[in-house]
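Notes for the one structure printed next.
As the structure lists them, so they are numbered: ligands from 1, and atoms in each ligand from 1. Model, not experiment: these values are computed from the prediction. Along the sequence shown, the residues carry numbers beginning at 1.
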Amino acid sequence: MKKDQLLTRRRVLIAGTGVVGAAATAGVLTRVTGDAPAGSVPAGGPQARSPLNSSAYRLQPLTGYAPPRAAPRRTLVRREPLLRLSGRGRTMVLTFDDGPDPRYTPAILDTLAAYDVRAMFFVCGEMAADHRELLARMADEGHVVGNHTWSHPLLTRLSRRQIHSEMARTSDVIEDAYGERPEWFRAPYGAWNRTAFRLGAELGMEPLAWTVDTLDWTAPGTRFIVDRVEDGAAPGVVVLSHDAGGDRSQSVRALRRYLPELLDSGYHVTVPRRDYA
Ligand code: ZN
């Protein structure tokens with residue numbers, strides 16, 4: 001990747017992060033239940049920022065470009081994953097796991113773009129390595145990419161060394177294709193253990209689970225998925241869907257239906273941000 005392209009991606013990404021932070025009072029994450037911090041205890045609270053709307057943030061000048069951090073930021077070691085966001089406002093987060101898959105991910109990105117909405121993609125390293133252009137597009141369009149391991153194993157059956165390899169290789173390919181190391185990770189099948197929490201923290205990532213499982217991986221029908229999202233909609237909810245791992249055409253169609261309905265209901269669909277000093 002040429003450096004100017006990387007700069008452009010980072011610029012968009014930074015801008016996208018800015019609007020999230022401004023709009024999402026709900027960016028404060030709940031369930032800080034960690035034990036000993038890996039480094040120092042993070043400050044945790046959101047930085048004070050003046051609100052920006054989605055058209056204004058693009059006009060913000062880029063004030064600071066910095067190369068990727070040499071070392072991951074200090075991250076609290078948790079005992080359980082984050083399940084939702086806290087804070088004021090009708091904010092929700094949409095997450096898409098297991099991709100990217102060129103059969104479905106572009107259509108999901110198209111829908112998110114049509115509504116000027118940012119989402120999270122928990123990608124698998126082996127998928128990302130084959131479809132780097134989709135991670136580049138996610139960066140261009142301000143989405144957040146998280147680490148969902150390399151090959152989607154059940155982490156609880158792996159050794160510490162294997163878990164580290166699954167996570168670290170994935171962070172490396174994300175950094176290469178997306179332009180930033182991931183700050184979030186999600187265990188396959190939602191199966192976490194203490195080693196996964198600790199290694200995730202060492203790699204600078206927060207564990208994020210979900211509040212509402214659409215069960216889209218069971219191919220239950222588009223209407224079912226839409227109903228799951230709309231019935232589960234509430235401030236701070238994190239929605240789990242999939243853009244890979246099987247036929248995800250129902251997930252693609254469902255998003256086209258529930259996203260405008262969430263927005264019409266007054267929800268702000270966005271991505272969380274981390275605010276660590
Ligand atoms: Zn998964």
Side-chain angles (χ1 to χ4, degrees), residues 78 80-85 92-109 112 118-132 134-135 138 143-158 162-174 177-178 181-197 199-201 203 205-220 222 224-225 228-229 232 237-255 258 271-272:
R78 298 181 188 274
E80 53 189 309
L82 301 158
L83 302 177
R84 58 184 303 124
L85 308 180
M92 287 178 59
V93 175
L94 303 182
T95 67
F96 299 90
D97 285 13
D98 299 357
D101 186 324
R103 294 173 295 175
Y104 308 109
T105 308
I108 287 172
L109 289 168
L112 296 171
R118 251 60 62 189
M120 299 181 80
F121 292 85
F122 283 91
V123 302
C124 288
E126 64 182 6
M127 300 292 285
D130 287 343
H131 306 292
R132 292 167 187 263
L134 289 172
L135 269 72
M138 290 169 188
H143 301 294
V144 171
V145 170
N147 183 325
H148 197 42
T149 73
W150 186 267
S151 62
H152 209 273
L154 193 57
L155 292 179
T156 51
R157 292 184 179 170
L158 300 187
Q162 288 171 317
I163 295 173
H164 182 270
S165 173
E166 284 278 342
M167 298 173 92
R169 290 176 70 199
T170 302
S171 286
D172 288 347
V173 74
I174 290 171
Y178 176 76
R181 290 187 75 76
E183 297 187 333
W184 305 90
F185 80 100
R186 176 175 284 170
Y189 316 104
W192 317 77
N193 61 17
R194 291 182 69 90
T195 304
F197 288 127
L199 289 175
L203 291 167
M205 299 185 289
E206 287 279 21
L208 181 65
W210 56 87
T211 325
V212 171
D213 184 350
T214 62
L215 300 175
D216 63 335
W217 57 275
T218 66
T222 302
F224 181 93
I225 297 169
R228 290 283 292 185
V229 175
V237 159
V238 176
V239 177
L240 168 64
S241 302
H242 297 81
D243 60 333
D247 181 346
R248 300 295 177 235
S249 53
Q250 293 178 5
S251 311
V252 170
R253 287 196 296 271
L255 176 67
Y258 67 70
V271 289

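- We find that R228 and D216 are not joined by a salt bridge, their nearest charged nitrogen and carboxylate oxygen being 4.0 Å or further apart.
- F121 and H148 have their aromatic ring centers separated by at least 6.0 angstrom.
- Annotation: cation-pi geometry satisfied between R186 and F122 (NZ/CZ under 6.0 angstrom from ring centroid, within 45° of ring axis).
- Residue contact annotation: C124 places no N/O/S atom under 2.8 Å from the Zn ion (ligand 1).
- Residue D97: no N/O/S atom is found under 2.8 Å from the Zn ion (ligand 1).
- The NE2 atom of H164 sits 13.5 Å away from the CG atom of L158 when rounded to the nearest 0.5 Å.
- In summary, H148 places an N/O/S atom under 2.8 Å from the Zn ion (ligand 1), meeting the contact criterion.
- Of all N/O/S atoms in D98, OD1 sits nearest the Zn ion (ligand 1).
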